[in-house]
> 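This is the structure I want to talk about, given as structure tokens.
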Amino acid sequence: MRRSLAAWYYLLLVVIVVGGFILADFSRLAPSVRWLLIIFLGLALVGPLFARRSPSAHRPFAGVPTPDQAVELGLLKNINQELAEKLTQLKARGEELTVANERLKELDKQKSQFVSMTTHQLRTPLSAIKWTFHMILGGELGPVTEDQKHFLRKGYDAAERVITVINDWLNLDYIEANRDEYKLVPVNPNELVDGVVFEFSDRLKAKQLNLTVERPQINLPPLRLDPIKISMVLENLIDNAIKYTPSAGQITIKINDDRVNTAERVLEISVSDTGIGIPAAERDRLFTRFFRSTNALKLAPRGSGLGLFIVKDIVERHGGKIWFESEEGRGSTFHFTLPFQTA
Amino acid sequence: MMETNNNRAAGAKGTILIVEDDEFLRSLTAKRLEKEGYRLAVAVDGDTALTVAQESKPALILLDLLLPGTDGFEVLRRLKADPELKRVPVIAFSNLGQREDIARATELGAADFLIKANFTLDDLVVKINQRLNQ
């Protein structure tokens, strides 16, 4: 705006000077005056070229704001002040939150220690109860009538139920306490599955269940995952398959590398059983905390309903997905994927 | 405190050292293992466990981990550092059982880790027999 005004002034000046030359008889002027006028005209014409390139300080009124600008400047100063105040408030809030966060972490740690100690303290007398019932039931302390055995079994099952709940609490606490501590290391998926399956040998034999592992033809390279946590996933899924499959049933673990070389780049592991299945109406609640399906409760009254919640949390924290198919009375298949990040 | 009894059962298969501070659990375990024909040695805290182990020359050690005084992990470390005892299989038998505990005991040389509440004494006998017959 101001720049275009200055240009108009210049143009006016040039017109006046040139007009003066034309009106006056140029040849009659003294040579010194003629030269002065030529220099003046030259400067008037060339001056703007330099003026445009010169910094604003060369313009005498550049530093003085117009009334409109003064208002804008005032507003900007106010906004700046408000921003500075907000920034101070935010910094203070940030410090408060840091302190609160530290306090929460400390409380969480104390909670974990409390859970760990309490559960340990509970497990010891529960072991004593369980062992005693078992010894009496086994006739090691003298003959027991069938009636007595019936009640002893109830007592034994009750102790087992509390032990299962405690174990699930401990697992959940472990998962929550180590929520941000995923130690991804190179693991051979075949070896991981074999290690977990081996732990179940006794239980599979006792229930006469057949477990087979189907694996890819090619040797899979090691994957980057947290072996302790993925073992927990497999343990939970195999434990459920054993619990909810009648004797002489079949459990199949499949390591599927079909999608390893696709855009998805995932390894899929599934655990299938020929068990009781999951009622259709209860399927969407299966992964929620403390949920247990009605038929599962009848077959295995023990359990806290935390297992699949933990499983889903671990799989998703690895960047994988979990889902299942089930037919009541025929069996269930749980699938989970792991991103194929090779070591 | 030290309590040893190497001749509780006649016709014994070998000596098993039970390191356990809880009196009732200790007596139940001892009763079951005696019935199985094992000789027994008993220590009720970590400090005496090593002395009893050196005296009784056990075929296997059943080791609780939370013990008064020296804890079971330290006992395990010292057992594995002892030239005469390092080959004796040690089964950690505890109600601790977080994954870190299991990993730590395994690294220190425990042959097995059993969480008491998750097993019956019959299961324990099976594990011991398996281990000693290997």
> Between A:Y156 and B:T120, is a side-chain contact (heavy atoms from CB on, under 4.5 Å) present by the stated rule, with each step listed?
CA-CA 11 Å; A:Y156 181 84; B:T120 63; 3.3 Å; yes
> When you look at A:H134 and B:L28, which way does the side-chain contact (heavy atoms from CB on, under 4.5 Å) test go after all the steps?
CA-CA 11 Å; A:H134 195 261; B:L28 287 176; over 6 Å; no
> Where on A:I163 is there a heavy atom nearer than 4.5 Å to chain B: the side chain, the backbone, both, or neither?
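The answer is the side chain of A:I163.
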> From A:I166 CD1 over to B:I115 CD1, what is the distance, rounded to the nearest 0.5 angstrom?
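Between atom CD1 of A:I166 and atom CD1 of B:I115 there are 11.5 Å.
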> Give the minimum heavy-atom separation between A:L141 and B:K31, together with the two atoms involved.
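Nearest heavy atoms, A:L141 then B:K31: CD2-CE, 3.3 Å.
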> Can you confirm whether A:K321 is buried at NZ, in the sense that more than 12 heavy atoms of other residues, nucleotides or ligands lie under 6.0 Å from that atom?
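Not more than 12 within 6.0 Å, no.
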> Any chance you could measure B:L25, atom CG, to A:T132, atom OG1, to the nearest 0.5 Å?
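So the CG of B:L25 and the OG1 of A:T132 are separated by 8.5 Å.
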> Name the region of B:D123, side chain, backbone, both or neither, that has any atom closer than 4.5 Å to a heavy atom of chain A.
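Contact with chain A is absent: no heavy atom of B:D123 under 4.5 Å.
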> Report yes if some heavy atom in the side chain of A:Q121 is under 4.5 Å from a heavy atom in the side chain of B:L66; otherwise report no.
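Answer no - side chains too far apart.
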> What verdict does the side-chain contact (heavy atoms from CB on, under 4.5 Å) test give for B:D122 and A:E140, after you've listed the backbone C-alpha separation in whole Å, the side-chain angles of each residue and the deciding distance to 0.1 Å?
CA-CA 11 Å; B:D122 285 355; A:E140 289 174 45; 4.1 Å; yes
> Using the rule given for side-chain contact (heavy atoms from CB on, under 4.5 Å), can you reason through A:M135 versus B:L121, listing the C-alpha separation, both sets of side-chain angles and the distance that settles it, and then say yes or no?
CA-CA 8 Å; A:M135 279 178 108; B:L121 291 172; 4.2 Å; yes
> Check whether more than 12 heavy atoms from other residues, nucleotides or ligands sit under 6.0 Å from atom NZ of B:K57, and answer yes or no.
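Buried by this count: over 12 neighbours within 6.0 Å.
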> Measure from the side-chain N and O atoms of A:K130 to the backbone N and O of B:A117, and report whether any donor-acceptor pair falls under 3.5 Å.
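Here the side-chain-to-backbone pair exists.
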> For the CD atom on B:E84, are there more than 12 heavy atoms of other groups (residues, nucleotides or ligands in this structure) within a distance under 6.0 Å?
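Check fails, neighbour count at 12 or below.
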> Please check if atom CD in B:E23 has more than 12 non-hydrogen atoms from other residues, nucleotides or ligands closer than 6.0 Å.
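Open: at most 12 neighbouring heavy atoms sit under 6.0 Å from CD of B:E23.
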> Please report the shortest heavy-atom distance between A:W131 and B:F119, naming the atom on each side.
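What the structure gives for the nearest pair is NE1-O, 2.9 Å.
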> Does A:K109 NZ have over 12 foreign heavy atoms under 6.0 Å away?
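No.
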